[in-house]
Amino acid sequence: MGIEFENNGKNVIANKLEECRRKQQDDNVNLRELFFGKTVNTETSKPLVSEEVLSEALAEDAAALTEEETISREMDFVTAEQQAGSAIPTGGKSESETAAENSGTEPEEQNGSVVKTAGTEAAAPKKNDNRFLKGTLILTVSSIVVKVIGALNWILLSRVLGGEGIGLYQMGFPIYLMAITVSSAGIPVAISIVTAEKVAQHDFRGAERVFHVTLRLLFVTGLVFSLALFFGAQKLIDWHFIRDARAYYSIIALAPAVFFVTFLASFRGYLQGWQIMTPTACSEITEQLVRVGTMLFFASYFMPYGLAAAAGGASMGAGAGAFCALLVLMFFYRKLKKDLQAKREQQNLYAVQETSSAIIGRLLKLALPVSLTSLMLPIVANLDLLIVPQRLEVAGFDVRHATELFGYLTGMAVPLVNLSTIFTAALAISLVPAISESRAMGQQENIRHKTGVAFRVAMIVTFPCFVGLFCLAEKVAGLIYNAPGAAPAIQAMSVGIVLLGMHQVSTAVLQGMGRTSIPVVNMIIACVAKVCLNWTLTAVPWLGIKGSAMATVADFGVAALINMYFIYKLTGYTMSFTGIVKPMAAAAVMGVAIEGILYGASGLGGWVILLCVMAAAAVYAVALTAMGGLTKEDLESIPYLGRRMLALGQKLGFFKN
């Protein structure tokens, strides 16, 4: 399309603005998108920059142009309009369908993010999928390492402190966890959302500004809560919040950790916003290693001074670990800052720089619901404590037996479920900035694609975990806990692995879209349902603790299903039927294989679990591939291991070209 050109550059710009204004009114398209050919994050059709400011700025620029330069600028306007036009839905087609028809070019990758230009919508998802799956794998490995180190720590620390010392050490932790939840919980998620948006728009200056504002904010809040815990420790004992006065040293030793954990949250959130998950993984492993080493050293060093001093020495590990984690994150931040120097020239000059108060307000709006989500967990745990033992007594169990059954559920079954969802928890962390990036660029189809990939991967991972834990419940309870009686509770809870994975992923999608309050409301609704079911089912004699486990599973399911409804409402995404049935069927085949091994090799004792796990992994992979639930494209998208797995599968006769 041609533009009738006038020698006066200012008139050209005025005409162009008028043309964009008409298109905006006709198609309800963002003016800035039409004018510059860039998709920006907006929930309304109003431009991020007023037309007056835009016109004045461009007019000043145009006044200095020679005729030749102005003609060149005119061609830029035409190109920009064509690019913007490719993002405008036409004929009822989606954004990606229109782009795919116009061009089959590959996406242009800049600064680690896919920048949308004409025809790249259809091609963009593959690159981004691989990136957030890579982050998921990194965080999963780090989480497993942290869990293993933590398990070894408890074994060693219990030998040093004994049961009474562990009790004194644990008394300070509820207060500590509450302090860091209030001071920083939700902030990393909020920072990652806003940073991902800024980076997607090439507003690197804005991303840095968000980081510096939150750094100052968390420095103050961390310092306030740290000092409050240190100087308020004696008050907590005097007011009988802490019953044993010997826990004083454990409490004050945790005060520095409150500051460091709060302060490092800004670094983690900022780096995650760039979709760089390695710093988070490295800092978590470093924190755990230093924490465990410091705990054991100071617990042993102060033991001659008494058990209370030794427990306080063990508590010092939290602060030391957090400090070292902060150093690791600062190293990665400096590295990123050096890389940013080369990208300054790509800064979006028309991006609006928010004030500090606006940034803080936006971050709090995003972070507070996430903090409430974190606070819901101890609230639900306390409700279980009030309801479950009492209703077990109504079902006919004496106090001792009711307490034992409650321990089976909360101390054995629930941790196994949480352990089985390490992957989906990591997937959720990596997914938030990935969804936020696509949202900032207006790539609705990309959001649906990433959401679909995340749920599909979650189903492929959680179904075999559910079936495996269900079949091996008695063996696992006997080997790990020396409590075969916990098997019924573990079996009843195992189906919760699938539903909890769905809840984690769906929550991440909604958070990435900036709707952080929706999951909180849904969790409250699910909590009410759980309380009602706990009260009813736990009192049924033939159900007992299995009734409480069913109520917990229902809690996960209700929250996940309501989340899915809102995802559909916001994006139009619905889960594929085959994406659920194929992993379910393959897991069922795997379950049959496990039962066969248990029947035929029962004499192996605890070793039968290892044999079952190895056989189950092979059977599930073969069954899923044979059913078409695992494709060549799926393996190619898996970072690090995907191509090796594909090569092995092709040698075995699968994934033929």
Side-chain angles (χ1 to χ4, degrees), residues 146 149-185 221-264 287-288 290-325 374-375 377-386 389 403 406-407 410-411 414-415:
V146 167
I149 296 172
L152 293 174
N153 170 60
W154 279 112
I155 295 172
L156 297 174
L157 188 64
S158 62
R159 292 180 180 273
V160 176
L161 294 180
E164 187 179 5
I166 291 291
L168 292 174
Y169 168 78
Q170 284 289 95
M171 281 185 175
F173 265 85
I175 304 297
Y176 164 72
L177 293 175
M178 182 67 71
I180 61 175
T181 297
V182 175
S183 64
S184 67
T221 57
L223 186 62
V224 168
F225 279 93
S226 179
L227 293 174
L229 184 61
F230 184 85
F231 291 107
Q234 189 59 52
K235 293 294 183 182
L236 292 171
I237 294 172
D238 294 342
W239 296 339
H240 300 290
F241 283 104
I242 305 296
R243 304 293 296 180
D244 195 325
R246 294 178 299 170
Y248 172 77
Y249 296 110
S250 297
I251 299 172
I252 62 172
L254 288 170
V258 173
F259 171 74
F260 290 122
V261 170
T262 302
F263 192 57
L264 66 80
E287 180 178 4
Q288 187 74 326
V290 174
R291 175 174 171 267
V292 169
T294 307
M295 286 172 64
L296 295 174
F297 174 78
F298 282 109
S300 301
Y301 181 80
F302 286 113
M303 182 59 76
Y305 299 94
L307 197 58
S315 296
M316 293 171 64
F323 174 72
C324 291
S374 301
L375 289 173
L377 299 177
I379 291 174
V380 171
N382 284 320
L383 289 174
D384 284 343
L385 179 62
L386 291 173
T403 302
F406 182 69
T410 59
V414 171

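In this chain, numbering begins with 1 at the start of the sequence shown.
Other residues, nucleotides and ligands contribute at most 12 non-hydrogen atoms within 6.0 Å of the OH atom of Tyr249. Within 6.0 Å of CZ on Phe406 lie more than 12 heavy atoms contributed by other residues, nucleotides or ligands. Counting heavy-atom neighbours within 6.0 Å of Met178 CE, excluding the residue itself, gives a total of 12 or less.
Ring geometry for Phe302 against Phe298 counts as parallel: the plane angle stays under 30°, on a 0 to 90° scale with 60° as the upper cut.
At a threshold of 4.5 Å between non-hydrogen side-chain atoms, the residues Ile242 and Ile175 count as touching. Using a 4.5 Å cut-off on side-chain heavy atoms (C-beta onward), Val292 and Leu152 make no contact. Looking at Leu227 and Leu223, their side chains come closer than 4.5 Å, going by heavy atoms from C-beta outward. Between Val182 and Phe225 there is a side-chain heavy-atom pair separated by less than 4.5 Å.
Considering all non-hydrogen atoms of both residues, Ile252 and Ala233 come closest at CG2-CB, 3.6 Å. The nearest pair of heavy atoms linking Ala299 to Leu157 is CB-CD1, 4.2 Å. Among all heavy-atom pairs drawn from Pro415 and Thr410, the shortest one is CD-O, 3.5 Å. Residues Ala322 and Leu264 approach most closely at O-CD2, 3.4 Å, considering heavy atoms. The two residues Leu161 and Ala314 make their nearest non-hydrogen contact at CD1-CB, 4.2 Å. Closest approach of Gly165 to Ala311, counting heavy atoms only: O-CB, 4.0 Å.
In this structure, the separation between OH on Tyr301 and OG1 on Thr294 is 14.5 Å, given to the nearest 0.5 Å. The distance from atom CG of Leu307 to atom CD of Glu164, rounded to the nearest 0.5 Å, is 5.0 Å. Here CD1 of Ile251 is found 14.0 Å from NZ of Lys235. Values are rounded to the nearest 0.5 Å. Rounded to the nearest 0.5 angstrom, Phe259 CZ and Thr221 OG1 are separated by 9.0 Å. Between the CZ atom of Phe230 and the CG atom of Leu254 there is a distance of 12.0 Å, given to the nearest 0.5 Å. The structure places CZ of Arg291 at 10.5 Å from CD1 of Ile149, a figure rounded to the nearest 0.5 Å.
At least one donor-acceptor pair closer than 3.5 Å links the side chain of Gln288 to the backbone N or O of Val146.
Two rings, from Phe173 and Tyr176, have their centers less than 6.0 Å apart.
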